[in-house]
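Since we're looking at a predicted model, the values are computed, not measured.
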Amino acid sequence: MDGHPIEEPLVRALLRAQHPDLAGLPLQRVPGGWSNQVWRLGEQLAVRMPRTPDAPALLRKEWRWLPALTDRLPLLVPRPVRAGEPSERFPHPWTVVEWVPGEPLDRAPIDRPADAAARLAAFLRALHRPAPADAPANPLRGVDLAVVEGEFEERFRAIAPTGLATAEVRAAWEDALAAPAWAGPAVWLHGDLHPANAVTAGGTLAGVIDFGDLCAGDPATDLSAAWLLLPDGALADFLRGYPDTDPATLRRARGWALLRGLSLVDIGRAGERGLPGGKATWGPAGRAALRRVLATG
């Protein structure tokens, strides 16, 4: 971003200048990431360095809102602990956060589905509380599905060569669009619960990362995680742990899961072809999510 390559000497120099007590800890680049490049710092911390134009604003939002939510969340999350200020070396904000141990779900799938379903339900119950009036909004999360219909059509066309752009997928999407809108209060949302933002350990869900899309809105956006993250057959266990979901919200949640599943497949195909921004491990997760959505119609 802005011609500033993010390499270890830069990260080390920033720590030395602004947080010298942390500068001597081991530093290791973490593969993956989207808006931010992540460096593990010692055993318990990580440095998040923005690398896309929107990333600085997302980091500021996390710094502002996430600490107030972390104490009530039953899964580990990357709570911000130190702020990095723009400087001559790096003209953008950056943060030091708590490290969430484990592996991303797209690389280490769940093999304790009932336990993972209960953990996901408990996490979303704790998170999905009414948000204050000044909570951040997101134009593409927590909104009416009609707002993102264009994105669905774009992704649907993009995956046509895979054979997954079926009449059944479109029918499920149309059913979600037709569901009554959310009439409750705007609740806190993670906003981007896909497999690369969920962390597993010991075969179950252990943490949730990347709160850059944190916002307030319709809980259906996050409830799509029941299809995106959990293995086949775990939906009933999830719903037992999140029991107050009405049928209309579940229909909208299936729509969000379809949209995210299509996106995962599309980004996975780009990764398989070695294209910029592609993530090869996302494709199988997307195909599995689409299959699960269609199986629960």
Side-chain angles (χ1 to χ4, degrees), residues 26-48 66 70 73-79 97-124 126-127 164 190-213 222-238 241-242 256-257 260-272 274 277-293 295:
L27 191 64
Q28 182 180 6
R29 183 173 177 172
V30 178
W34 194 275
S35 298
N36 299 283
Q37 187 178 100
V38 179
W39 294 77
R40 187 169 184 181
L41 180 64
E43 292 297 316
Q44 299 179 338
L45 300 172
V47 181
R48 301 185 74 205
L66 188 54
T70 53
L73 299 178
L75 295 176
L76 296 175
V77 301
R79 183 174 65 90
V97 303
E98 293 178 350
W99 173 254
V100 177
E103 293 292 331
L105 191 153
D106 61 312
R107 298 202 295 266
I110 289 165
D111 58 22
R112 294 166 57 197
D115 185 79
R119 287 171 178 247
L120 178 61
F123 174 81
L124 292 180
L127 178 62
L164 295 174
H190 177 279
D192 201 22
L193 285 174
H194 62 72
N197 286 339
V199 175
T200 65
T204 191
L205 191 62
V208 174
I209 60 175
D210 195 350
F211 283 74
D213 283 310
D222 278 358
L223 294 174
S224 63
W227 292 272
L228 293 166
L229 306 184
L230 299 176
D232 295 359
L235 180 62
D237 290 315
F238 172 80
Y242 197 107
W256 283 105
R260 296 290 167 253
L262 295 177
S263 298
L264 290 169
V265 171
D266 193 21
I267 294 169
R269 291 181 68 235
E272 292 162 3
K279 309 281 186 182
T281 57
W282 291 21
R287 289 189 288 271
L290 294 175
R291 184 186 69 247
R292 287 191 284 267
V293 170

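Here CG of Leu164 is found 11.0 Å from CG of Asp266. Values are rounded to the nearest 0.5 Å. Separating the CZ atom in Phe123 from the NE2 atom in His190 is a distance of 6.0 Å, to the nearest 0.5 Å. For the atom pair CG of Asp237 and CG of Leu120, the computed distance is 11.5 Å after rounding to the nearest 0.5 Å.
A heavy-atom distance below 4.5 Å is not found between the side chains of Val199 and Leu105. You'll find the side chain of Asp222 reaches within 4.5 Å of the side chain of Leu127, heavy atoms only. Side chains of Phe211 and Thr70 form no contact here, defined as non-hydrogen atoms less than 4.5 Å apart.
Under the rule for a side-chain hydrogen bond (donor to acceptor under 3.5 Å, both in side chains), Gln28 has no partner lying at least two apart in sequence or in another chain. Evaluation of the side-chain contact (heavy atoms from CB on, under 4.5 Å) rule for Gln44 yields no partner, not counting sequence neighbours. Looking at residues two or more places apart in sequence or on another chain, you find a side-chain contact (heavy atoms from CB on, under 4.5 Å) between Pro113 and Pro231, Ala234. Taking Asp210 as the reference, Arg48 meet the salt bridge (Lys or Arg N to Asp or Glu O under 4.0 Å) condition, with sequence neighbours excluded. Every residue was checked against the salt bridge (Lys or Arg N to Asp or Glu O under 4.0 Å) condition with Glu272, not counting sequence neighbours, and none meets it. In this view, Asp111 satisfies the salt bridge (Lys or Arg N to Asp or Glu O under 4.0 Å) rule with no residue, not counting sequence neighbours. Not counting sequence neighbours, the partners of Ala126 by the side-chain contact (heavy atoms from CB on, under 4.5 Å) test are Leu73, Pro74. Taking the side-chain hydrogen bond (donor to acceptor under 3.5 Å, both in side chains) definition, one finds that Arg79 meets it with Glu98, sequence neighbours left out. Here Ala288 pairs with Arg291, Arg292 under the side-chain contact (heavy atoms from CB on, under 4.5 Å) rule; sequence neighbours left out. Under the salt bridge (Lys or Arg N to Asp or Glu O under 4.0 Å) criterion, Arg269 pairs with no residue, sequence neighbours left out.
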Can you give me every donor-acceptor pair (side chain of residues 278-286, partner residue at least two apart or in another chain, under 3.5 Å) with its distance?
residue : atom : partner : partner atom : Å
Lys279  : NZ   : Gly33   : O            : 3.0
Thr281  : OG1  : Asp106  : OD2          : 2.5
Trp282  : NE1  : Asp106  : OD2          : 3.4

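Arg112 places a side-chain N or O within donor-acceptor distance of the main-chain N or O of Gly202, the cut-off being under 3.5 Å.
Among Leu124, Leu75, Leu230, the one residue that satisfies the side-chain contact (heavy atoms from CB on, under 4.5 Å) test with Arg119 is Leu75.
In this structure, Val100 and Gly207 approach most closely via the heavy-atom pair CG1-CA, 4.0 Å. The two residues Leu228 and Leu193 come nearest to each other via the heavy atoms CD1-O, 3.6 Å. The heavy-atom pair separating Ala226 from Phe238 by the smallest distance is CB-CD2, 3.7 Å. Gly102 and Ala201 make their closest contact through CA-CB, 4.5 Å (heavy atoms, listed as atom of the first residue, atom of the second, distance). Closest heavy-atom contact between Glu43 and Trp99: O-CD1, 3.8 Å. Contact record, Ile267 with Gly277: CG2-O, 3.6 Å, taken as the closest heavy-atom pair.
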If you apply the rule side chain to side chain contact (heavy atoms under 4.5 Å, CB included), what do you find for Val30 with Trp39, and how did you get there? CA-CA 5 Å; Val30 178; Trp39 294 77; 5.8 Å; no

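The stretch residues 195-205 participates, sequence neighbours left out, in these side chain to side chain donor-acceptor pair (under 3.5 Å) pairs: Asp115-Thr204, Asp192-Asn197, His194-Asn197.
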